[in-house]
Amino acid sequence: MPVNPSATPLAAANMARTSELDRAQYLRALVREHFSSVWRFLRCLGFEDHVVDDAAQDLFFVVARRVDDIVPGRELAFLLGAALKIATKLRHKRAREVPIEDFSVAVEETTATPETLLDEERARRLLYRLVSEIDERFRVVFVLYELEGMTMPEISEVLDVPMGTVASRLRSARDAFRVRLERHRACTRNEKNK
Amino acid sequence: MTKGPIRLIHEDPGFARLVAASKNYVPSEQIDKALVLVTETARSSRPTWRRCLVPGLAVSAAIVALGATSAVVRMNAAIPVSKSAPRAVVATPAPGVPATALAETPVTVSVEDLASTTVPVSSATSLKSRREAAAKARPEPRVRGVRGHDVAPLSPKDDVTKNDVTVPTEQSRPAPAAFSEELALVAAARAAIEAGDGPSSMRAVQQHKERFPSGMFAEEIEAIRVEALAASGKRAEAHAAAERFLATNAKSPYAARVRSLLDSTLP
């Protein structure tokens with residue numbers, strides 16, 4: 001099996017994944033390093049909380065049995081691609097769409113939370129709402145580039161689309177997003193000025 | 001062309017703040033669950049056909065050689081059904097999800113979907129051509145058999161249904177009975193610190209160090225300990241602990257949080 005030795009703990013753990021204990025350690029390193037990214041990725045794509053949670057758990061359950069399929073150094077790309085597939089299937093099974101308004105409901109429900117945490121929570125929910133308003137065709141590229149910091153060649157590989165397509169989708173997504181962000185800011189300004 | 005436009009976080013500070021806020025949030029409970037899940041799964045994914053090798057070694061070797069392919073199929077298909085033990089106390093179902101939703105039939109994800117990194121964005125690509133593309137793109141994965149002997153991988157000509165990995169629902173994933181005690185302690189420590197109760201959190205942290213000195217959640221507990229120290233006003237200790245944590249756990253999901261504590265506990 002081709003191995004790419006490098007300094008990261010994850011890569012080092014790759015080299016000795018065959019024994020059960022090492023396999024468990026490798027998988028835990030995978031969870032610690034990438035779970036948040038997967039979770040955030042799915043959330044930004046507009047999947048509902050419960051779909052995100054279940055899809056993320058299912059993903060790592062499957063990954064735990066498919067450790068040998070992961071190419072060292074390409075873990076995140078693998079995980080995000082698989083997560084998207086799993087979440088999409090889960091959502092179709094449940095056939096439920098959360099209206100955009102529901103994003104704001106949860107914030108009011110959080111009680112006894114320090115003000116800073118509440119602000120952060122509001123910021124998070126705003127981000128998810130704005131991103132979810134981007135056309136579905138362009139959303140994934142936007143999230144991978146702007147939020148996950150992937151390069152365009154990486155995105156091209158994860159999504160299996162040509163670079164030109166990635167570039168044009170990114171352009172459309174950024175334009176649409178900027179409009180929405182400005183609209184939101186204008187609304188907020190108007191509210192404050194009233 | 002391949003470089004791409006300047007990222008929005010560099011162009012728009014407001015947007016950068018939104019992104020930072022989303023990265024500061026760590027889905028801790030979900031991560032803990034996943035840690036237990038992968039550990040349990042790693043332990044229980046020993047090839048089940050190993051137990052069929054009852055006769056002498058020579059016969060066993062023959063069985064291994066002849067039965068390799070079908071055994072792999074059986075091994076792949078045999079996802080452990082949940083043990084009779086109930087799920088860990090800390091696992092909470094998502095709010096608002098009716099009970100019936102959790103008892104659904106499992107979602108089936110094809111192994112080959114996962115082996116390649118393709119996402120079916122354009123459904124025009126047929127399954128066959130995606131398989132061919134995947135096969136060309138990277139070497140076929142080797143499946144490890146008993147004691148590390150490589151077992152022949154399934155060929156693309158095999159019936160795709162044999163390759164399907166049934167993804168269980170919440171109910172039928174392996175029950176994390178072995179770690180529920182440690183998990184409960186971590187959850188208690190976390191709940192306490194999130195409620196701002198430094199002392200209670202510290203007590204739970206100390207209990208964990210006593211009862212689970214080489215526990216799975218050492219990293220998580222240490223992050224909570226740093227917060228508990230900071231919350232209890234022990235700034236110098238918190239700062240030192242934060243530095244130590246970041247030195248050894250730079251890629252932790254809690255690194256950002258601990259780093260912010262570093263700033264707030266400057267001597």
Side-chain angles (χ1 to χ4, degrees), chain A residues 1 8-9 18 20 23-24 27-28 30-33 35-36 39-40 49-50 53-54 56-58 60-62 64-66 68-69 71 74 77-78 81-82 84-86 89-90 93-94 114 120 123-124 126-127 140 145-147 149 151-153 157-161 163 167 170 174 177 181, chain B residues 1-2 4-5 7-9 12 14-15 17-19 21-27 30-31 33-35 37-39 41-43 45-46 79 94 96-97 101 104 107 109 111 113-115 117-122 138 141-144 148 165 167-170 173 195-196 216 219 251-253:
Chain A
M1 185 175 70
T8 67
T18 48
E20 187 191 286
R23 175 180 282 240
L27 289 165
R28 281 199 295 270
L30 210 58
V31 169
R32 287 185 171 116
E33 197 170 330
F35 190 98
S36 291
W39 194 91
R40 217 168 26 235
D49 273 347
H50 56 276
D53 289 346
D54 287 351
Q57 298 296 329
D58 287 348
F60 282 97
F61 177 77
V62 174
R65 310 183 71 75
R66 294 273 161 255
D68 295 326
D69 288 354
V71 179
R74 309 276 307 119
F78 176 89
L84 182 56
K85 275 181 244 221
I86 292 174
K89 292 199 179 198
L90 264 181
K93 278 210 85 93
R94 298 191 188 169
E120 291 234 323
R124 265 199 312 127
L126 173 63
L127 179 67
V140 178
Y145 190 80
E146 302 290 357
L147 271 63
T151 64
M152 284 171 47
E157 200 188 319
V158 169
L159 300 181
D160 193 31
V161 296
M163 279 281 294
L170 182 61
R174 281 162 62 99
F177 185 83
L181 188 56
Chain B
M1 182 59 210
T2 55
R7 291 181 204 276
L8 267 175
I9 48 170
D12 187 323
F15 178 72
R17 273 195 295 276
L18 293 184
V19 174
S22 85
K23 295 204 165 159
N24 279 344
Y25 177 75
V26 177
Q30 294 299 318
I31 290 179
K33 265 170 81 172
L35 287 172
L37 179 64
V38 297
T39 304
T41 308
R43 291 183 175 201
S45 66
R46 278 179 231 111
I79 307 275
V97 177
E104 286 172 76
V107 173
V109 180
V111 164
D113 278 351
L114 298 173
T117 53
T118 58
V119 169
V121 172
S122 80
R138 35 184 296 280
R142 307 292 298 172
V143 180
R144 297 220 173 265
V165 175
V167 177
T169 57
E170 258 194 82
R173 286 190 216 109
M216 185 195 316
E219 184 180 312
K251 294 198 172 213
S252 170

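Proteins get letters first, then strands, A, B, ... in listed order; numbering begins at 1 in each. In this text, all values refer to a predicted model and were calculated from it rather than measured experimentally. FYI, side chains are in, hydrogens and waters are out, and symmetry mates aren't considered; it's all heavy atoms of this structure.
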I'd like to know if the side chain of Tyr145(A) reaches the main chain of Pro5(B), judged simply by a donor and an acceptor atom lying under 3.5 Å from each other, with no hydrogens or angles considered. yes
Would you call the rings of Phe177(A) and Phe15(B) parallel, tilted or perpendicular if under 30° counts as parallel and over 60° as perpendicular? perpendicular
Starting at OG of Ser22(B), measure out to CZ of Arg40(A) and round the result to the nearest 0.5 Å. 5.0 Å
Counting distance only, does the side-chain N/O of Glu146(A) pair as donor-acceptor with the main-chain N or O of Leu8(B) below 3.5 Å? yes
The reported gap from OG1 in Thr41(B) to CZ in Phe61(A) (rounded to nearest 0.5 angstrom) is 5.0 Å
Could you report the tightest heavy-atom contact between Glu120(A) and Ala21(B), atom names first, then the distance? O-CB, 3.8 Å
Is there a donor-acceptor pair under 3.5 Å between the side chain of Lys23(B) and the backbone N or O of Leu147(A)? yes
Check whether any side-chain heavy atom of Phe35(A) lies under 4.5 Å from a side-chain heavy atom of Pro27(B), and answer yes or no. yes
Correct closest heavy-atom pair for Gly4(B) and Met152(A) would be CA-SD, 3.4 Å
Return yes if a side-chain donor-acceptor contact under 3.5 Å exists between Thr39(B) and Arg28(A), otherwise no. yes
What one should report as the nearest heavy-atom pair of Pro253(B) and Ser36(A) is CB-OG, 4.0 Å
Can a donor-acceptor pair be found, under 3.5 Å and without considering hydrogens, that links the side chain of Gln57(A) to the backbone of Gln30(B)? yes
Report the C-alpha distance between Ser252(B) and Arg32(A) in whole Å, list the side-chain angles of each, state the deciding distance to 0.1 Å, and finish with yes or no for side-chain hydrogen bond (donor to acceptor under 3.5 Å, both in side chains). CA-CA 6 Å; Ser252(B) 170; Arg32(A) 287 185 171 116; over 6 Å; no
What part of Leu30(A) lies closer than 4.5 angstrom to a heavy atom of chain B: side chain, backbone, both or neither? neither
